[in-house]
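Down below is the structure, laid out as structure tokens.
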Amino acid sequence: MRVTIDEDACIGCGVCEAMCPEVFKVEGDKAKVINPEGCNGCNCQEVAESCPTQAIIIEA
Ligand code: SF4
């Protein structure tokens with residue numbers, strides 16, 4: 001799995017960090033991926049679907 005964020009689309013709302021702080025971290029007004037491989041506990045697909053601007057990209 002590879003997790004990336006479309007920074008142009010991200011509005012920095014913090015939903016992704018709230019759902020999975022192991023993978024996502026908001027810095028300033030954008031989220032960053034701090035663990036592109038994903039984590040063990042969360043469903044990153046679900047996080048991506050919860051992003052209000054669909055900025056999270058999950059590649060298998
Ligand atoms: S949920 Fe989406 S818009 Fe919100 S901070 Fe994360 S990537 Fe950005």
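We're numbering straight along the sequence, starting at 1. Numbering of ligands and ligand atoms starts at 1, following listing order.
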Please name the pair of heavy atoms, one in Pro21 and one in Ala18, separated by the smallest distance, quoted to 0.1 Å. CD-O, 4.2 Å

Salt-bridge contact Glu27-Lys32 (side-chain N to carboxylate O under 4.0 Å): yes

Any chain of hydrophobic side-chain contacts (each under 4.5 Å) joining Met1 to Val47? yes

Would Ile34 and Val23 count as a side chain to side chain contact (heavy atoms under 4.5 Å, CB included) if you check the C-alpha gap in whole Å, the side-chain angles of each, and the deciding distance to 0.1 Å? CA-CA 5 Å; Ile34 54 174; Val23 174; 5.6 Å; no

Listing by chain and number, which protein N, O or S atoms are under 2.8 Å from atom 8 (Fe) of ligand 1? Cys10 SG

Is a side-chain donor or acceptor of Lys30 paired with a backbone partner of Ile11 at a separation under 3.5 angstrom? no

Between Glu22 (side chain only) and Cys39 (backbone N and O only), is there a donor and an acceptor less than 3.5 Å apart? no

